[in-house]
S.K.: 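Below is the structure I would like to discuss, written out as structure tokens.
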Amino acid sequence: MALHSNTNPVYVAFLFIFYYVFITAGSGLSSESSSGLLAPYDEHYYRGVRAYFRDDWERAAEFLEKSISTRDKLLRTRRKCHDECLTAGDDKISKLDWIQVRAECVRFCMGQSFSPAALLPVSLDIEYEFGTRNPYNYLQVTYYKLEKMAKAASAAHTFFVANPSHLEMRNNLEKYRRILGVKEESFQDREREQEQHWEMYDAAILAESSSDWVKAVKKWKECVNETLKQTEECRAQCVMMSQVIPEEPDTVQGLYERAADLSLSLLSCKQMCVTLVSTRPGRVSAVEDFLPLQLEHLHIAQFKAGDLKGAVETLRSLLLFYPTDSDSLSNLELYTQTVEVNTEAQETGGPVPVVGVTITMDDQRLNGTNRVVLDGVLSQSECDRVAASMGDGYRGRRSPHTPHEKFEGLTVLRALQLAQDGLVNQSDARLLHEIGETVKVLMDSYFRSHSVLYFAYTHLVCRSAIPGHQEGRSDLSHPVHVDNCILEPETRQCWREAPAFTHRDLSAVLYLNDDFEGGDFFFADRDAKTVTAMVKPKCGRLVGFTSGPVNPHGVTAVTAGRRCALALWFTTEKQHRDMVRNYQVSVVLCRRD
Ligand SMILES: O=C(O)CCC(=O)C(=O)O
Ligand SMILES: [Fe+2]
């Protein structure tokens with residue numbers, strides 16, 4: 001309403017005066033309850049409006065303010081009682097008992113602050129009045145008349161937020177600002193609490209537009225949380241809202257129908273909450289897909305801010321809304337892969353502090369991440385001695401990977417037994433041990449491990465082509481796999497679960513010879529088909545890599561001769577350290593030959 005013209009609100013106010021007289025006459029309500037309990041807020045409102053039209057500005061301000069604060073208290077108390085009574089009746093076995101107990105809890109809780117009349121439903125007109133913030137329209141004129149300009153400006157602004165096309169109020173605001181010199185901080189929105197998600201929304205969009213991704217993440221998170229909070233709040237109000245009491249049912253069937261009616265109206269009220277929360281004050285239509293939209297923005301901001309784990313989590317939440325959305329699914333794949341690269345990341349490129357050892361191939365030359373090939377780790381005589389230790393006392397068997405090869409393996413434990421039994425001499429066992437230590441130093445340093453590295457498992461493996469079984473061979477000596485998870489090439493996923501050795505963090509393969517055919521080591525893509533880099537084994541060459549999904553690898557068929565390598569795995573988890581190795585040091589290697 002205009003500051004000097006009352007033509008518009010007269011109609012609205014008249015309607016309420018009529019209603020007020022009718023209701024109060026009929027029900028005999030009084031505005032203040034003698035018990036100190038709060039009276040209905042609509043009653044305060046009618047009184048305020050009546051005073052307004054009597055030009056009784058003091059009383060108008062008093063009652064209009066009372067109606068606003070009582071309504072506010074009603075909403076807060078409903079929420080409090082809703083939460084307090086949430087578990088009431090949970091111990092009741094019968095469904096009806098449960099309902100009864102909870103209803104009594106709510107009635108008692110509400111009845112402590114509000115008179116019985118205040119708990120009755122208000123009319124739709126009153127709901128509409130407060131929904132459109134009309135009480136602030138009356139209030140701004142009232143305060144203007146009382147010459148309380150700061151309060152008038154605040155009431156005007158509060159009304160205008162929900163009615164942005166109201167030209168009179170725009171002019172009024174202009175007048176408060178320019179002519180009456182009201183300070184900017186007075187233009188406060190008194191209903192701001194319910195609009196915070198919109199403030200966060202705007203702040204997030206702003207941060208995004210200036211590419212401040214860290215801030216955008218923070219704002220989008222706040223916005224998502226606040227949106228959920230507002231929706232929950234709205235739904236709690238639905239549950240607590242007084243319903244029109246159904247007439248006495250004549251039949252059991254009638255009772256069920258009324259119960260169904262009530263449940264349906266509760267459901268549709270709860271459903272409406274999504275629309276209400278997604279509608280900006282002053283707008284008629286809701287922002288479509290408001291929550292998924294925020295999640296979409298959030299995961300992109302998280303990705304740009306480098307929070308990949310967060311981006312994966314958000315995207316998974318988004319997929320709950322649209323489980324088959326192809327863009328989201330391909331983003332998820334991208335994020336998961338990058339997360340794995342990052343969690344496996346060891347900041348490669350550290351020094352190799354062993355004399356004679358050189359870096360032959362790094363990440364770039366190997367077309368991947370967290371991979372290296374080092375040369376010069378062993379001399380020819382060391383290679384020969386280690387390979388020879390396999391010869392004695394060890395029986396080859398069919399390879400577990402291919403029928404075309406024989407497979408010989410020697411674990412640390414077996415080497416130890418052989419050394420104890422005198423089948424492998426002490427100095428060879430000691431050499432095997434020392435080589436392990438050297439490899440550990442190299443891996444630790446090159447992959448710049450941030451945590452202590454432990455030996456997880458070590459074994460010496462020779463693969464030999466079985467003569468006469470190589471014709472038309474198309475299989476691999478060791479199929480493409482990942483060392484610490486189960487690779488599923490069809491989905492390109494890698495499952496970090498048993499029977500995979502999930503605790504393995506770094507893998508190292510130290511080659512002992514090159515006098516065989518085939519047997520190339522290769523890195524592959526997760527499809528297990530595309531080869532990304534090849535490494536030809538030779539004495540003293542070490543291929544090192546992180547044991548996770550960024551490094552699928554395999555070995556091509558050994559078609560002639562015998563290929564020997566020492567394979568070592570390291571872990572950062574102490575409980576998975578190789579206990580046999582400790583024993584080896586203390587018992588076997590400390591003995592003199
Ligand atoms: O022998 C090789 O080159 C690789 C062996 C391997 O990948 C493994 O044992 O897991
Ligand atoms: Fe492997």
Side-chain angles (χ1 to χ4, degrees), residues 344 360-361 366 368-375 377-378 383 386-387 390 396-402 404-412 414 435-436 439 443 447 455-465 475-489 494-496 498-526 528 531-559 561-571 578:
E344 271 187 68
T360 309
M361 292 170 103
L366 289 165
T369 321
N370 305 334
R371 325 173 156 174
V372 72
V373 173
L374 305 177
D375 276 326
V377 179
L378 295 180
C383 286
V386 177
M390 182 71 88
R397 55 182 169 90
R398 277 277 154 109
S399 163
H401 307 301
T402 165
H404 306 281
E405 292 177 24
K406 216 168 62 162
F407 193 86
E408 303 157 79
L410 181 66
T411 63
V412 173
R414 183 80 179 126
I435 291 171
V439 172
M443 294 292 284
F447 288 96
F455 285 94
Y457 191 70
T458 309
H459 72 173
L460 182 57
V461 171
C462 296
R463 305 156 191 264
S464 315
D475 64 348
L476 295 167
S477 173
H478 201 141
V480 174
H481 63 282
V482 175
D483 285 346
N484 72 11
C485 53
I486 302 162
L487 182 65
E488 195 179 78
C494 205
W495 304 100
R496 206 156 176 183
F501 301 103
T502 55
H503 57 276
R504 292 180 177 177
D505 293 307
L506 286 176
S507 308
V509 190
L510 178 59
Y511 299 106
L512 302 175
N513 64 327
D514 60 3
D515 51 343
F516 53 87
E517 277 170 30
D520 289 338
F521 174 95
F522 63 92
F523 286 110
D525 192 78
R526 278 213 239 175
V531 174
T532 52
M534 280 282 204
V535 179
K536 256 206 172 320
K538 67 172 191 176
C539 164
R541 172 163 283 180
L542 178 115
V543 54
F545 50 96
T546 50
S547 314
V550 295
N551 283 319
H553 57 278
V555 179
T556 63
V558 177
T559 50
R562 181 185 192 227
R563 171 199 193 264
C564 293
L566 183 68
L568 309 99
W569 288 272
F570 301 93
T571 178
D578 185 356

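Just so it is clear, the model here is predicted, and its values are computed rather than measured. Counting convention: from 1, in listed order, for ligands and their atoms alike.
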S.K.: Just which atoms of ligand 1 are under 4.0 Å from any heavy atom in Asp483?
M.R.: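 Checking each atom against Asp483, I get 10 (O).
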S.K.: Hey, which atoms in ligand 1 end up nearer than 4.0 Å to a heavy atom of Phe521?
M.R.: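 By the 4.0 Å cutoff, the relevant atoms are 3 (O), 4 (C).
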S.K.: Do me a favour and list the nearest non-hydrogen protein atom to atom 8 (C) of ligand 1 with residue, atom name and distance?
M.R.: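 Ranked first by proximity to atom 8 (C) of ligand 1 is His478 CE1, 3.5 Å.
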S.K.: Using the ring of each side chain (for Trp, its six-membered ring), is Phe523 parallel, tilted or perpendicular to Phe521, with breaks at 30° and 60°?
M.R.: perpendicular
S.K.: Which ligand 1 atoms, with their elements, are less than 4.0 angstrom from a heavy-atom of Arg463?
M.R.: 1 (O), 5 (C)
S.K.: So which protein heavy atom does atom 1 (O) of ligand 1 come closest to, and at what separation?
M.R.: Arg563 NH1, 2.9 Å
S.K.: Side chains of Arg463 and His478: donor-acceptor distance under 3.5 Å anywhere?
M.R.: yes
S.K.: Give the atoms of ligand 1, by number and element, whose distance to some non-hydrogen atom of Val555 is under 4.0 Å.
M.R.: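 It comes down to these atoms of ligand 1: 1 (O), 2 (C), 3 (O), 4 (C).
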S.K.: Please name the pair of heavy atoms, one in Thr532 and one in Ala524, separated by the smallest distance, quoted to 0.1 Å.
M.R.: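 Closest approach of Thr532 to Ala524, heavy atoms only: OG1-N, 3.8 Å.
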S.K.: Any nitrogen or oxygen of His481, side chain or backbone, less than 3.5 Å from one on ligand 1?
M.R.: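 His481 vs ligand 1: N/O contact under 3.5 Å present.
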S.K.: Is the ring pair Phe570/Phe455 parallel, tilted or perpendicular, if the boundaries are 30 and 60 degrees?
M.R.: tilted
S.K.: For atom 3 (O) of ligand 1, which protein heavy atom lies nearest, and how many Å away is it?
M.R.: Tyr511 OH, 2.6 Å
S.K.: Side-chain donor-acceptor pair under 3.5 Å between Asp520 and Thr556, yes or no?
M.R.: no
S.K.: Below 4.0 Å from ligand 1: does a non-hydrogen atom of Trp569 turn up there or not?
M.R.: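 Yes; Trp569 lies near enough to ligand 1 that a heavy-atom distance drops under 4.0 Å.
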S.K.: Suppose we screen for salt bridge (Lys or Arg N to Asp or Glu O under 4.0 Å). Which residues come up paired with Asp514, at least two apart in sequence or across chains?
M.R.: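 Applying salt bridge (Lys or Arg N to Asp or Glu O under 4.0 Å) to Asp514 gives none.
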S.K.: Stepwise, does the side chain to side chain contact (heavy atoms under 4.5 Å, CB included) test hold for Leu460 with Leu512?
M.R.: CA-CA 10 Å; Leu460 182 57; Leu512 302 175; 3.5 Å; yes
S.K.: For Val509 versus Ala565, what's the shortest heavy-atom pair and its separation?
M.R.: CG1-CB, 3.8 Å
S.K.: Distances under 2.8 Å only: what protein N/O/S atoms are near the Fe ion (ligand 2), ordered by chain and residue?
M.R.: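 Less than 2.8 Å away from the Fe ion (ligand 2) sit His481 NE2, Asp483 OD1, His553 NE2.
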